[in-house]
2 protein chains.
Amino acid sequence: MASTSIKEVARQAGVSIGTVSNVLNRPHTVAADTRERVLAAISALGYVRNDSARQLRAGRSRQIAVVVLDVTNPFFTDVVTGVEDAVTENDLMVVVCNSGDSEDRQLRHLDQLEEQRVRGVLITPVEARPGERIERLVERGTPVVLVDRGADWTNGCRVTVDDAMGGRLAGEHLVASGHARIAFVGGPESIPQVAERHTGVAAAVRGKAKLTVVRTPHLTVTDGRRAAAQIAELSDERRPTAVFCANDLLALGVLQEMTARGVRVPHDIALVGYDDITFAAAAAVPLSSVRQPREQLGRTAADLLLQEISEGEAHVHRHVEFQPELVVRESSARG
Amino acid sequence: MASTSIKEVARQAGVSIGTVSNVLNRPHTVAADTRERVLAAISALGYVRNDSARQLRAGRSRQIAVVVLDVTNPFFTDVVTGVEDAVTENDLMVVVCNSGDSEDRQLRHLDQLEEQRVRGVLITPVEARPGERIERLVERGTPVVLVDRGADWTNGCRVTVDDAMGGRLAGEHLVASGHARIAFVGGPESIPQVAERHTGVAAAVRGKAKLTVVRTPHLTVTDGRRAAAQIAELSDERRPTAVFCANDLLALGVLQEMTARGVRVPHDIALVGYDDITFAAAAAVPLSSVRQPREQLGRTAADLLLQEISEGEAHVHRHVEFQPELVVRESSARG
DNA sequence: CCGTTCCGATGAAACGTTTCAAGAGCTATC
DNA sequence: GATAGCTCTTGAAACGTTTCATCGGAACGG
């Protein structure tokens with residue numbers, strides 16, 4: 001309980017505390033028998049290093065932080081997995097913080113993290129672009145890498161996925177499949193990702209098919225069902241023969257509502273989602289979807305951070321953009 | 001970059017460091033104008049408290065850790081959310097560690113956490129019951145609460161969900177719906193949860209219906225499809241009219257395969273899953289499922305830990321068991 | 001036998017807080 | 001005008017490491 005310190009280890013082993021420290025940090029500089037004695041004392045006393053003291057002396061911690069928007073969102077948990085992969089070799093530790101989409105909690109986490117002198121921060125900020133708090137963090141010398149956020153931010157590295165390209169891929173696929181009337185389901189446009197995906201599909205379709213837009217208040221299954229109901233009620237000659245949704249939840253909702261109404265997917269209407277969540281492949285009709293390299297996003301973000309940490313002043317910020325990939329499944333197979 | 005210390009704040013404000021510390025920790029004991037001066041200096045210099053020094057002095061940290069089996073599993077992320085809810089009021093911080101089902105990583109995390117002198121640990125250990133490392137942690141005075149693990153462990157608090165009861169609920173529901181031949185799909189039995197759910201359904205069904213067991217190597221959608229194929233190929237008089245799956249992924253697989261084979265759910269075969277993951281309600285045929293109070297599990301675990309922390313020696317370990325709840329949806333509606 | 005070199009161990013300083021006994025300066029009381 | 005009792009501030013010690021200059025002694029060369 002009363003945690004034993006290096007001092008007691010030293011006494012027990014009959015050496016000075018400097019020697020114990022050497023055993024811990026530079027074992028080769030210590031004579032073999034002394035080392036043995038110290039190690040014996042350590043395990044006899046159940047000594048555990050005190051990281052606070054260590055950090056205090058070192059002036060910095062050995063942790064990097066990932067601040068995610070929402071731990072319950074598979075996108076972010078996959079990113080975290082990628083980060084952990086990249087970091088494990090270095091003797092750094094990853095701490096995961098959840099802002100839960102609350103600016104207040106994000107703030108509290110950043111305060112805490114700065115007090116802990118973390119070596120760096122990977123963050124998808126609640127706001128579309130990093131606010132004053134994050135800028136201050138950077139200014140004071142903590143490297144920050146932005147994940148999937150912050151167009152035209154230049155004070156740090158960024159990793160993003162090309163959402164316009166994702167929209168384009170979906171659009172091109174549907175046009176190539178011969179669809180002349182296509183709907184884009186998604187919203188609100190204030191989410192940059194949604195707007196970009198829209199832009200992308202619009203560009204791909206332009207001049208080749210008619211694009212209808214169905215706005216949704218959010219990106220949920222329920223909103224998808226509502227949008228599908230709207231679409232299903234259009235007259236035959238106006239009803240699109242293909243739907244591209246801004247994410248998979250919407251697409252699942254669309255699928256569900258269409259099935260309930262006897263509209264067959266893909267026979268009567270083709271369907272493409274976005275994100276390729278685990279359940280896309282497992283849906284009643286396996287869902288075509290645009291996949292983002294989530295783990296790689298995390299891995300790369302972590303690599304950039306590690307580079308910035310090791311390069312110090314010499315570091316030049318970089319922006320890495322990933323290309324998404326279209327996964328074609330039954331829901332958009334040529335009927 | 002060179003983080004400013006309390007000392008420079010003191011100099012800038014023309015007071016002693018003790019006074020600065022007082023402004024930070026007991027503002028009311030400091031004269032108003034002095035306080036103002038100090039606060040001005042703090043913001044002018046961009047001073048950020050050094051948590052390591054603080055902790056070193058205090059002898060303990062202000063963090064509690066949650067070590068989860070798998071961050072990408074929605075079960076655990078919901079538990080984490082519950083923990084965060086419970087902890088926010090206290091000025092403790094939650095750090096999330098992911099053992100990724102690897103004993104090695106779990107070990108590394110526990111070592112790190114102990115060096116950091118965390119106040120307590122919430123953990124679902126990789127092993128079925130806490131191993132030597134966890135016992136040592138407890139012995140040395142770090143409170144540990146086990147989440148959904150560790151039958152008959154007495155060295156700390158535990159929270160669990162009554163899996164046998166979950167199985168029983170599903171079984172009773174299906175029997176009450178008039179099914180005479182029921183299948184249990186799941187495996188491996190070495191997972192305590194699977195075995196308990198099996199026991200529960202067996203008890204509920206005994207004497208009222210015939211229970212067939214279809215073993216699966218894992219708990220995935222693919223395994224569910226395979227199991228469904230086996231079931232679909234039985235002769236009409238032997239084929240069960242209802243299936244209870246050990247988790248929702250299996251159930252989704254079963255649903256998919258049945259649909260593909262033209263077997264209608266629930267008309268030809270009823271289906272009940274376990275976990276009530278988000279996508280259970282969003283499946284092509286909304287899935288009946290046994291729901292576990294995931295967030296509450298986390299909240300309660302955190303509460304127990306906080307109690308143990310505050311009660312100290314006087315603390316008596318407790319075991320809280322939650323009852324799951326059956327959510328009936330279309331997949332098991334009376335045909 | 002002396003000077004040099006090398007190996008290993010030592011002791012003290014430093015990191016940035018918090019805490020607490022003690023002191024300084026006032027006011028109120030007698 | 002001395003005493004006591006305030007309020008506010010101070011200075012020093014302590015927390016447990018790491019680091020680094022220093023030192024003792026052995027080995028070695030001349």
Side-chain angles (χ1 to χ4, degrees), chain A residues 1-39 41-42 45-62 91 111-112 114-119 140-141, chain B residues 1-39 41-42 45-62 91 111-112 114-119 140-141:
Chain A
M1 174 117 209
S3 27
T4 47
S5 77
I6 212 178
K7 210 182 298 181
E8 314 190 34
V9 174
R11 184 148 41 83
Q12 169 99 0
V15 298
S16 73
I17 62 173
T19 300
V20 177
S21 179
N22 283 334
V23 170
L24 259 22
N25 301 300
R26 296 180 222 73
H28 57 278
T29 69
V30 171
D33 59 332
T34 317
R35 190 170 49 218
E36 289 313 318
R37 231 167 346 122
V38 171
L39 289 174
I42 284 176
L45 294 170
Y47 165 74
V48 178
R49 241 198 187 117
N50 184 326
D51 205 49
S52 319
R54 234 183 145 191
Q55 279 187 36
L56 172 58
R57 184 68 231 270
R60 49 155 110 159
S61 80
R62 290 171 309 129
D91 74 332
D111 286 347
Q112 257 275 2
E114 201 174 5
E115 292 192 359
Q116 285 178 52
R117 302 290 189 270
V118 284
R119 292 293 279 284
R140 289 192 190 135
Chain B
M1 173 119 209
S3 26
T4 47
S5 77
I6 212 177
K7 212 181 295 179
E8 314 189 33
V9 174
R11 185 147 42 82
Q12 169 99 358
V15 298
S16 74
I17 62 173
T19 300
V20 178
S21 179
N22 282 335
V23 170
L24 258 23
N25 302 300
R26 296 180 222 72
H28 56 278
T29 69
V30 173
D33 57 334
T34 316
R35 190 170 48 219
E36 290 312 318
R37 228 163 353 115
V38 171
L39 289 175
I42 284 176
L45 294 171
Y47 165 74
V48 177
R49 242 198 189 118
N50 183 324
D51 206 48
S52 319
R54 235 182 144 193
Q55 280 188 35
L56 172 58
R57 182 71 233 265
R60 49 156 110 158
S61 81
R62 289 171 311 127
D91 73 332
D111 286 348
Q112 257 276 3
E114 200 172 8
E115 292 192 358
Q116 285 179 51
R117 302 291 190 267
V118 284
R119 294 293 281 282
R140 289 193 190 134

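Everything quoted here is computed from the prediction, not taken from an experiment. In what follows, chains are A, B, ... by sequence order, proteins preceding strands, each numbered from 1.
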Colleague: Could you tell me which residues satisfy side-chain hydrogen bond (donor to acceptor under 3.5 Å, both in side chains) with B:Arg119, sequence neighbours excluded, listed by chain and number?
Modeller: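 Partners of B:Arg119 by the side-chain hydrogen bond (donor to acceptor under 3.5 Å, both in side chains) criterion come out as none, since no residue qualifies.
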Colleague: Residues two or more places apart in sequence or in another chain: which of them pass salt bridge (Lys or Arg N to Asp or Glu O under 4.0 Å) with A:Asp33?
Modeller: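 Listed in chain order: nothing, the list is empty.
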Colleague: Write down the protein N/O and nucleotide N/O pairs, taken from nucleotides 8-12 of chain D, whose separation is under 3.5 Å; answer none if there are no such pairs.
Modeller:
from: D:dT9; atom 1: OP1; to: B:Thr34; atom 2: OG1; distance (Å): 2.2
from: D:dT9; atom 1: OP2; to: B:Ala31; atom 2: N; distance (Å): 3.1
from: D:dT10; atom 1: OP2; to: B:Ser16; atom 2: N; distance (Å): 2.8
from: D:dT10; atom 1: OP2; to: B:Ser16; atom 2: OG; distance (Å): 3.2
from: D:dT10; atom 1: OP2; to: B:Thr19; atom 2: OG1; distance (Å): 2.8

Colleague: Could you give the start and end, 5' to 3', of the contact zone on DNA chain C for chain B, using atoms under 4.0 Å from its heavy atoms?
Modeller: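 The protein-touched segment is C:dG16 to C:dT19.
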Colleague: Taking only residues two or more places apart in sequence, or in another chain, which ones meet A:Arg49 in a side-chain hydrogen bond (donor to acceptor under 3.5 Å, both in side chains)?
Modeller: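 Only A:Asn25 meet the side-chain hydrogen bond (donor to acceptor under 3.5 Å, both in side chains) criterion with A:Arg49.
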Colleague: By side chain to side chain contact (heavy atoms under 4.5 Å, CB included), which residues pair with B:Gln12, not counting sequence neighbours?
Modeller: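 If we apply the side chain to side chain contact (heavy atoms under 4.5 Å, CB included) test to B:Gln12, skipping adjacent residues, the hits are B:Ala41, B:Ala44, B:Leu45.
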Colleague: May I ask you to say what A:Ser21 touches in the nucleic acid, namely base, sugar-phosphate or nothing, with a heavy-atom cut-off under 4.0 Å?
Modeller: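 Since a base atom lies under 4.0 Å of A:Ser21, the category is base.
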Colleague: Tell me, yes or no, whether the heavy-atom count around B:Arg62 atom CZ, taken from other residues, nucleotides or ligands under 6.0 Å, exceeds 12.
Modeller: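 Count over threshold, so yes.
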Colleague: Could you list the residues that satisfy side chain to side chain contact (heavy atoms under 4.5 Å, CB included) with B:Ile17, not counting sequence neighbours?
Modeller: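 By the side chain to side chain contact (heavy atoms under 4.5 Å, CB included) rule, B:Ile17 matches B:Ile6, B:Lys7, B:Ala10.
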Colleague: Who pairs with A:Thr29 by side chain to side chain contact (heavy atoms under 4.5 Å, CB included), at least two apart in sequence or on another chain?
Modeller: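 Once residues adjacent in sequence are excluded, the partners of A:Thr29 under the side chain to side chain contact (heavy atoms under 4.5 Å, CB included) criterion are A:Asn22, A:Arg26.
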Colleague: For the helix from C:dC1-D:dG30 to C:dC30-D:dG1, how many degrees between its two end axes (five pairs per end), to the nearest 10°?
Modeller: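 So the angle between the two local helix axes works out to 60°.
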Colleague: May I ask you to say what B:Arg117 touches in the nucleic acid, namely base, sugar-phosphate or nothing, with a heavy-atom cut-off under 4.0 Å?
Modeller: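 No contact at all - B:Arg117 keeps every heavy atom at 4.0 Å or more from the nucleic acid.
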Colleague: Identify, with sequence neighbours excluded, every residue that meets side chain to side chain contact (heavy atoms under 4.5 Å, CB included) alongside A:Arg37.
Modeller: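 Result, side chain to side chain contact (heavy atoms under 4.5 Å, CB included) vs A:Arg37: A:Val15, A:Thr34.
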Colleague: Looking at residues at least two apart in the chain, or sitting in another chain, which of them share a side-chain hydrogen bond (donor to acceptor under 3.5 Å, both in side chains) with B:Ser52?
Modeller: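 So B:Ser52 forms a side-chain hydrogen bond (donor to acceptor under 3.5 Å, both in side chains) with A:Gln55, B:Asn50.
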Colleague: Which is true for A:Asp51 with a 4.0 Å heavy-atom rule: it touches a base, it touches only sugar-phosphate, or it touches nothing?
Modeller: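 Counting heavy atoms under 4.0 Å across all strands, no contact is made by A:Asp51.
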Colleague: Of all residues at least two apart in sequence or in a different chain, which pass the salt bridge (Lys or Arg N to Asp or Glu O under 4.0 Å) check with A:Glu115?
Modeller: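 Residues passing salt bridge (Lys or Arg N to Asp or Glu O under 4.0 Å) with A:Glu115: none at all.
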